[in-house]
Amino acid sequence: MMNKKIIFGFSAAALIILLGGLVAVLNIKPRVEKKEFTPPQTIQRTEVNALVFYDWWTSPSEVTAVNALIELFKSKYPDTVVTPTPVIGGAGYAMMSIVKPLVASGQPPDAFQMHAGYEGMPYYRAGLLESVDDIWESEGLKTVIPSVVQEISKFDGHYYSVPVDIHRVNLIWYNKDIIFKNNIDVSKIKTWDDFFSACDELKASGVKYPAQIGEPWTAAQVFEQMVAGEGVDFYQDWVNGKVTSAKDARLLRVLETFKKYLSYTNPDYEKLTWDKVVDRLANGDAAFVVMGDWADREMGLSGKKFGTDYGAIVTPGTDGVYGLSIDSFQRPKGILHPTNASRWLRLIVSQEGQDTFNSLKGSIPVRTDVDVSKYDDYQRSAISDFWKARSMFPSVVHGSGAPQSFKLKLTDIVADFIVDRNVDKAAADMTTYSAIINDEYTINWSLK
Ligand code: GAL
């Protein structure tokens with residue numbers, strides 16, 4: 001029987017690795033003055049018992065997970081009217097374009113889904129966020145949340161977000177049946193060339209598009225994992241805005257690899273949401289999909305089993321490396337229901353909230369004192385990989401690693417690249433843009 005209380009069961013060695021290698025991940029150097037924001041409230045309002053929040057969890061497994069969290073909230077605060085506002089569009093690109101103007105114009109929801117790290121920076125800089133130090137303090141979070149997650153939740157030494165999950169982004173999911181029938185040994189896939197050889201074999205046996213992608217951010221996620229596979233040094237330079245030469249050999253190499261990857265992918269990607277891509281994998285219409293581990297419970301929910309029907313390997317070059325996408329909520333200034341906003345933040349990070357949500361989501365919990373028996377085989381292996389990781393990196397595509405303008409630009413560049421496959425142009429666009437927004441790189445990541 002597995003120890004029910006201590007899931008992370010970390011050894012002293014793992015702790016040392018974590019503290020030494022991973023914890024000092026970020027070091028925020030604000031270079032832009034932070035403004036103070038006074039919400040435009042002229043009417044004295046009485047707080048009503050309600051909670052309004054935004055999220056982008058709209059696939060079947062995402063809905064199941066967030067609904068379970070909402071039900072838990074309602075069971076504790078039955079008189080509160082909870083109004084979730086889900087906005088369709090994976091990774092939050094669509095939701096952010098709705099929430100940003102609301103927050104900026106002084107009409108913020110009580111909370112909204114947001115990746116830890118850079119995604120909160122524009123709000124923080126504009127003075128639109130309240131610190132949530134009080135939540136971290138009252139819930140004793142500093143003793144149960146790994147330092148890497150703590151650091152990424154802070155700006156200028158104060159907490160501005162409360163994490164709900166830890167997702168891993170550097171994974172290739174595979175359909176076991178197709179792999180087995182074609183005698184492919186996925187454990188031997190260590191380089192992108194190995195991966196392409198496997199794709200060639202699949203193509204030769206009639207699998208037309210062995211590696212499937214969806215809407216452009218899913219392809220940008222593939223590119224990002226290739227940057228990570230090029231090595232921690234390169235990834236660190238990339239997220240610190242230091243890849244500014246269009247002739248950078250590492251960038252050109254990654255783009256060439258990405259170009260090759262695209263020669264194995266489906267042409268009908270453009271409007272394909274991430275869960276539909278994952279469905280193809282689950283149904284045997286695709287052999288490989290690079291996706292974060294939100295894919296795990298999506299396939300689980302459709303009755304497939306990790307290890308039997310599908311599996312996952314890390315993307316080439318990232319063995320022992322954990323790519324992070326950390327979903328969080330925050331407390332904007334000037335919200336209408338501060339009491340319930342704080343209740344929500346406390347609930348999502350509580351032991352009960354963590355187990356309720358993450359066990360259905362595919363992510364791993366942010367706390368060390370939760371019930372591991374509630375998680376599936378994939379999640380248990382991810383928990384172990386997290387604690388063994390020699391290095392971690394914040395995802396750019398999933399909001400944490402780079403300024404938001406860069407994240408958006410990257411998706412545009414990738415969307416163009418899928419069509420024109422022009423390596424020099426993509427390198428020039430990306431590096432020119434990084435140089436232009438140099439001032440926005442206010443976090444100095446140290447990933448080694
Ligand atoms: C990520 C987010 C996950 C998952 C995914 C697809 O950015 O961290 O929770 O929902 O997008 O929407």
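Counting starts at 1 for both ligands and their atoms, in listed order.
Residues passing the ring pair (Phe, Tyr, Trp, His ring centres under 6.0 Å) test with Phe393 are Tyr235, sequence neighbours excluded. Listed by chain and residue number, nothing satisfies the ring pair (Phe, Tyr, Trp, His ring centres under 6.0 Å) test with Tyr174 (two or more places apart in sequence, or in another chain).
For ligand 1, residues of the protein lying within 4.0 angstrom by heavy-atom distance are Trp56, Trp57, Glu62, Gly90, Ala91, His115, His167, Trp274, Trp294, Ser325, Asp327, Lys361, His398.
A distance of 9.5 Å separates CD of Gln379 from CG of Asp377, quoted to the nearest 0.5 Å.
Between Ile178 and Leu202, the closest side-chain pair of non-hydrogen atoms falls below 4.5 Å. Side-chain contact between Thr442 and Arg125 is present, with at least one heavy-atom pair separated by less than 4.5 Å.
Pairs passing the salt bridge (Lys or Arg N to Asp or Glu O under 4.0 Å) check and including a residue from residues 213-230, sequence neighbours excluded, read Glu230-Arg253.
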